[in-house]
There are 2 protein chains.
Amino acid sequence: MEEGTSNSPSYSCRTEDDYGVMQWHVREDCEVRQILDRIADKWSLLVISLLDRQTLRFTQLKQEIDGISQRMLTTTLRHLERDGLVRRTVHPVVPPRVDYALTPLGATLHTTIQALVDWTEHHQPEIAAARAAYDAAAAQSAP
Amino acid sequence: MEEGTSNSPSYSCRTEDDYGVMQWHVREDCEVRQILDRIADKWSLLVISLLDRQTLRFTQLKQEIDGISQRMLTTTLRHLERDGLVRRTVHPVVPPRVDYALTPLGATLHTTIQALVDWTEHHQPEIAAARAAYDAAAAQSAP
DNA sequence: CAGAATCCTGTCGGATACTG
DNA sequence: CAGTATCCGACAGGATTCTG
C-alpha cells in the first residue's frame with residue numbers, strides 16, 4: 001500500500017525545544033494531532049456519523065457517502081479500524097460480506113464529535129456573517 | 001494571494017442527490033466541514049489554544065508555535081479572522097505592532113475543542129494499544 | 001515588525017483497471 | 001462483493017526573498 005499504513009505521524013512534533021513557557025502546547029498537540037487527523041480528514045467524520053446509527057456493509061457505506069471513491073473508503077475504514085474506532089467483520093461466505101460497526105471507543109468519540117457538530121450548526125450564521133463582513137471589507141480596500 | 005481567500009469550499013458537498021434516507025449526513029457535513037477544516041488544519045488549533053490564554057503579537061505566536069513558517073502563520077490568522085474567531089488589531093506605530101486575540105465566538109469554539117482534546121488525552125492509551133495490535137496482526141499476515 | 005510575493009515539493013485523493 | 005494496484009493531477013505548505 002502506498003499510504004496509510006505508515007507509522008510516522010504527519011507532523012514534526014519536535015520536543016527538543018526549551019525556550020518558552022508555553023511550548024508544552026506543541027507537545028500536547030502531538031497526541032491531539034493524531035486523533036484530529038483521523039476525524040478531520042475528508043471522509044472519516046461521515047463514516048463515524050453513519051456507523052453510529054447502525055452497522056453497514058462496504059457497499060452500503062459507499063452508497064450513503066456521496067462522492068467517495070472506493071479507494072478512499074477503504075483507506076478511511078482501515079485507519080479507523082487501526083485506531084480501534086471501527087470493527088471490521090468478515091463473513092466467510094461467497095460472495096464476501098463485510099460489516100463495519102463502531103467500537104465502544106468509536107461511540108464515545110462520536111459523542112464528543114457531536115458536540116463540535118452542534119457548535120457548528122449553532123454558530124454557523126455568525127461565521128457566515130463574519131465571512132461576509134470580512135469579504136466586504138476586503139473588496140472595499142482592494143477594488 | 002494564491003490561496004486562502006477563495007470563497008469556494010474545498011469539498012463538493014453535492015446536494016442534488018435524493019436516493020437515500022440518510023443522505024442528509026452529506027448535506028449536514030457541508031457546514032460542519034467548513035469549520036472542521038478551520039480547526040483541523042495544520043496550525044489553527046495551536047493558534048486558538050495559545051490565544052485562549054492571552055493576546056499575542058505576530059512574532060510571539062511565531063515563537064510559541066515551533067516550526068511554523070510566517071507564511072502559514074499569516075494565512076492561518078487570516079482564515080481565523082475571516083471566520084470571526086480571531087480579532088486582529090493594528091496599532092499605528094512604527095515599528096508596526098499587531099495584536100491577535102480570540103473573539104467571544106472563538107472562545108466558545110475553544111471550549112468545544114477542549115472537549116475533543118480531553119477525549120484524546122483520556123483515550124490515547126486505548127488508541128495506542130489498538131494501533132499496536134493492528135500493526136502486530138498486519139505484520140503477522142504479511143511477513 | 002509584520003507581512004506579501006514567488007518558487008518548489010510532498011502528499012492527498014480521484015479515475016481507472018484488475019482480482020479472490 | 002469487497003477490495004488491491006497504478007497512474008496522475010491538484011493543492012497544502014515550506015524556504016526564500018522583498019517591502020512599508
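The shown structure was predicted, so the numbers you read here are calculated from the model rather than taken from an experiment. Below, each value reflects all heavy atoms present in this structure, side chains not excepted, and no hydrogens, waters or symmetry copies. Per chain, numbering begins at 1; letters A, B, ... match sequence-line order.
Contact between the side-chain N/O atoms of A/Lys62 and the OP1/OP2 oxygens of D/dG3 is not found at any separation under 4.0 Å. The phosphate of C/dG13 (OP1 or OP2) has no side-chain N or O of A/Ser69 nearer than 4.0 angstrom. Using a 4.0 Å cut-off, no side-chain N or O of B/Arg71 falls inside it from OP1 or OP2 of C/dA5. At the phosphate of D/dT4, OP1 or OP2 sits under 4.0 Å from a side-chain N or O atom of A/Arg78. Phosphate proximity of C/dC1 to B/Tyr100: absent, as no side-chain N or O sits under 4.0 Å from OP1 or OP2.
End-to-end axis angle of the helix from C/dC1-D/dG20 to C/dG20-D/dC1, using five pairs per end and rounding to 10°, comes to 50°.
Residues from residues 85-95 of chain A that place a heavy atom under 4.0 Å from any atom of DNA chain C: there are none.
Taking atom CD of residue B/Gln60 and atom P of nucleotide C/dA2, one finds them 8 Å apart after rounding to whole Å. When the C1' atom of D/dG3 is taken as reference, atom CZ of A/Arg97 falls 16 Å away, rounded to whole Å. The nearest whole Å value for the distance from the CD atom in A/Gln63 to the C1' atom in D/dA2 is 13 Å. A/Leu61 places its CG atom 14 Å from the P atom of D/dC1, with the value rounded to the nearest Å. Look at CE on A/Met72: it is 19 Å from P on D/dG9, rounded to the nearest Å.
For the 3.5 Å distance criterion, the side chains of B/Ser44 and B/Asp41 qualify, holding a donor opposite an acceptor. When only modelled atom types and interatomic distance are considered, A/Gln34 and B/Arg131 share a side-chain donor-acceptor pair under 3.5 Å.
Comparing atom distances between the A/Pro96 side chain and each of C/dG3, D/dC1, C/dG13 picks out D/dC1 as nearest. The side chain of B/Lys42 sits closest to D/dG14 out of D/dA2, D/dG14, C/dA2. Here the side chain of A/Phe58 is nearest to one of D/dA2, C/dA4, C/dG14, namely D/dA2.
At a threshold of 4.5 Å between side-chain heavy atoms, the hydrophobic network of Ile, Leu, Val, Met, Phe, Trp and Tyr places B/Val98 and B/Val94 in two separate groups.
Annotation: ring pair (Phe, Tyr, Trp, His ring centres under 6.0 Å) contacts of B/His123 (sequence neighbours excluded): B/Trp119.
Below the 3.5 angstrom threshold, one finds a donor paired with an acceptor across the side chain of B/Gln70 and the base of D/dT17.
In this structure, CZ in B/Arg53 is found 5.5 Å from NE2 in B/His110, a value given to the nearest 0.5 Å.
What you find for A/Leu102 and A/Asp52 is that their closest heavy atoms are CD1-CA, 3.7 Å. Of all heavy-atom pairs spanning A/Arg38 and A/Leu80, the tightest one is CG-CD2, 3.8 Å. Shortest non-hydrogen contact noted between A/Phe58 and A/Gln70 is CZ-O, 4.0 Å.
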Let me see the working for A/Leu51 and A/Leu61 under side chain to side chain contact (heavy atoms under 4.5 Å, CB included), right down to the final yes or no. CA-CA 9 Å; A/Leu51 291 182; A/Leu61 280 167; 4.1 Å; yes

